[in-house]
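Quick notes on the structure that follows.
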Amino acid sequence: MNEIEYHAAAKTDEIPEEDVKGVVLDDEEIAIYNIEGEYYATHGICTHENIALADGFVEGQLIECPLHSACFEIKTGKAVNPPAEIDLKTYPVKVEGDTIYVGIEK
Amino acid sequence: MNEDRTFLIIGASQAGGWVAQTLRHEGFEGKVILIGEEPYLPYERPPLSKAALLGEVTVDSTYFWSQETLDEANIETQLNTRVIAIDRNVKEIVTEGGTRMGYDKLAITTGARVRELPVEGADLPGVFYLRTMENTLAIRDAVKDGTTAMIVGGGWIGLECAATLTKLGCNAIVIESADRLCGRAVTPEISDWMLEFHTSHGVDVRLGTGIEKFQGAGQLERAVLPSGDTIECSVAVVGIGVIPNAELARDAGLEVDNGIVVDDRACTSDSDIVAAGDVTNHPNALLGRRIRLESYENAQNQGIIAGKAMLNKAEAYSELPWFWSDQFDANLQMIGLPKDWEETVTRGDKDSNEFVTFYLKDGVIDGAISVNNPRDLRIAKRLMLGKKQVTAAELINPETKMQGLLKR
Ligand SMILES: Cc1cc2nc3c(=O)[nH]c(=O)nc-3n(C[C@H](O)[C@H](O)[C@H](O)COP(=O)(O)OP(=O)(O)OC[C@H]3O[C@@H](n4cnc5c(N)ncnc54)[C@H](O)[C@@H]3O)c2cc1C
């Protein structure tokens, strides 16, 4: 296992409940979500085609791709319906004060 | 389980590919053979008028599944193979080469082919259609910076092609015989927006005229309009609609009516034969009528239902039709197939090319078209499925939180 480094990624008030925000950390595109007050992070690009999931739609535990409507489980990254068949990478998240930190392998 | 059945699929494209994959996902262990006329593994057609025509993606990257993925799933492919008959009495198909192959269950996913332009000179080199990878590669080879390209048909394919060829440096001229663009699919206001949008990007759009004939000495040189005007052009792309490839089914005695008639489980009038994708005429319970769709999502999701139906596991298929199109920097998406709406309202700003137009009927949304706003379109879909009451005033109001409407 590589060591994980936490990066300040967003402020908590930037991401309302059932919403998503895209950020770039360490050259990686990342999408950060708020589900019922808890924050989660996945890779920011759909595994089917090159499109930012931050333009997509959060519904319950799922993010739906804005282009071809593939859905992924936010907490696990699991691809739940086609056209995506490959899971999304997920990242550890921690919140300190009003800052959301996302952990990326060094 | 000792499974020795053979399931054949005619048409190795999106719908056929999903039939095959679904058979494996559902645990079918018999033979699965995808038979297709084209020389390629199943590939995505949307890029044909977009990234692939632009030259931004390779042929391989348009494949739904790589050869390894198909091998791992033990899905056999027989490409370059045209099926010419289905012999239902003995449950065999016949290929153009005369080979007979037996089936226990059969899926017909033969899609659609282009409607040809019945004018003089349409067979000249330089006149193209746009349906296959082969078409796209040929158009790309024929154009260069400064080429004048005549596009016949101002529907989705024509407009996407016009946008892409403009990006490649061509002078794109769109000829549309109706008095507005995409007339069968969108409201007059959206047609007006499209006209303005394409014109502002340098496309020369001519409405209300067809093509009289093409001329040239061994190669397209000009198009002659009914008015007698001529337009010098070395390339023409015709996009005037498609015809379902339903003749195989019809000749085999299956019910055909603007496509192969199937039920909500993708079953044809023969219990051993299913059909899916652009080739089917299917019922849609949400719309309360039969439809034939030419869409990515339908090819995928009806393909999945057809695969399950071959294993007698299908659930009823009924979804709100959804379609998208990319033209220049505009991503358009549509949900529903509104027919007799009462009013339309637009949220957002047409001039900034970011808006959603909602069709309203009986206080609920009956359909929507978005430009560069995929998120509100997805909310519209859920509002439609939930039959949520909404008013024109609240949809227009920028202060309204769309997601909030879902909580009603
Ligand atoms: C240029 C272009 C752009 C598009 N863009 C979009 C878009 O942006 N959004 C969207 O939602 N949809 C889009 N579509 C539509 C979408 O691609 C189609 O709805 C989808 O491909 C239909 O899949 P299908 O498998 O039903 O049929 P098809 O893709 O038509 O495949 C049918 C296959 O069957 C083969 N076949 C036919 N007859 C025989 C036979 N007798 N023997 C053997 N093989 C046979 C054909 O060669 C073909 O490979 C686009 C289509 C095109 C052409």
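Each chain gets a letter, A, B and so on, in the order its sequence line appears, and its residues count up from 1.
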*Where does Gln14(B) contact chain A at under 4.5 Å (heavy atoms): side chain, backbone, both or neither?*
neither
*chain B heavy atoms under 4.5 Å from Glu85(A): which part of the residue, side chain, backbone, both or neither?*
side chain
*In terms of the angle between their ring planes, are Trp18(B) and Trp65(B) parallel, tilted or perpendicular, with boundaries placed at 30° and 60°?*
perpendicular
*Listed by residue number, which members of residues 376-388 of chain B have a heavy atom under 4.5 Å from any heavy atom of chain A?*
Arg378(B), Ile379(B), Arg382(B)
*Report the distance from atom CG of Leu88(A) to atom OG1 of Thr76(A), rounding to the nearest 0.5 Å.*
9.0 Å
_Let's go through Lys11(A) and Asp98(A) carefully: what are the C-alpha distance in whole Å and the side-chain angles of both, what is the deciding distance for salt bridge (charged side-chain N to carboxylate O under 4.0 Å, His left out) to 0.1 Å, and is it a yes or a no?_
CA-CA 6 Å; Lys11(A) 295 288 179 202; Asp98(A) 62 353; 3.7 Å; yes
*asked:* By the definition side chain to side chain contact (heavy atoms under 4.5 Å, CB included), identify the one residue from Asp19(A), Ile100(A), Ile74(A) that meets it with Ile32(A).
replied: Ile100(A)
*Identify the residue among Ile45(A), Val102(A), Ile104(A), Val23(A) that makes a side chain to side chain contact (heavy atoms under 4.5 Å, CB included) with Glu28(A).*
Ile104(A)
*Taking the six-membered ring for Trp, are Trp324(B) and His68(A) parallel (under 30°), tilted (30 to 60°) or perpendicular (over 60°)?*
tilted
_For the residue pair Lys78(A) and Phe72(A), would you count it as a cation-pi contact if the rule is NZ or CZ under 6.0 angstrom from the ring centre and within 45 degrees of the ring axis?_
no
*Can you say whether the rings of Phe328(B) and Phe197(B) are parallel (under 30°), tilted (30 to 60°) or perpendicular (over 60°)?*
perpendicular
_Tell me if the centroids of the rings in Phe64(B) and Tyr43(B) come within less than 6.0 Å of each other._
no
_Inter-chain contacts: residues 398-408 of chain B against chain A, heavy atoms under 4.5 Å_ = Gln403(B), Leu406(B), Lys407(B)
*For chain B, which residues from residues 34-42 of chain A lie under 4.5 Å away (heavy-atom distances)?*
none
*May I ask you to check whether Tyr101(A) and His7(A) place their ring centers less than 6.0 Å from one another?*
no
_Classify the ring geometry of Tyr91(A) against His43(A): parallel below 30°, tilted from 30° to 60°, perpendicular beyond 60°._
tilted
*Pick one: which of Glu294(B), Glu160(B), Glu38(B) meets salt bridge (charged side-chain N to carboxylate O under 4.0 Å, His left out) with Arg45(B)?*
Glu38(B)
*Considering residues at least two apart in sequence or located in another chain, which fulfil the side chain to side chain contact (heavy atoms under 4.5 Å, CB included) criterion with Gln67(B)?*
Leu41(B), Asp71(B)
*Positive for side chain to side chain contact (heavy atoms under 4.5 Å, CB included) with Tyr317(B), one of Lys308(B), Arg265(B), His282(B)*: His282(B)
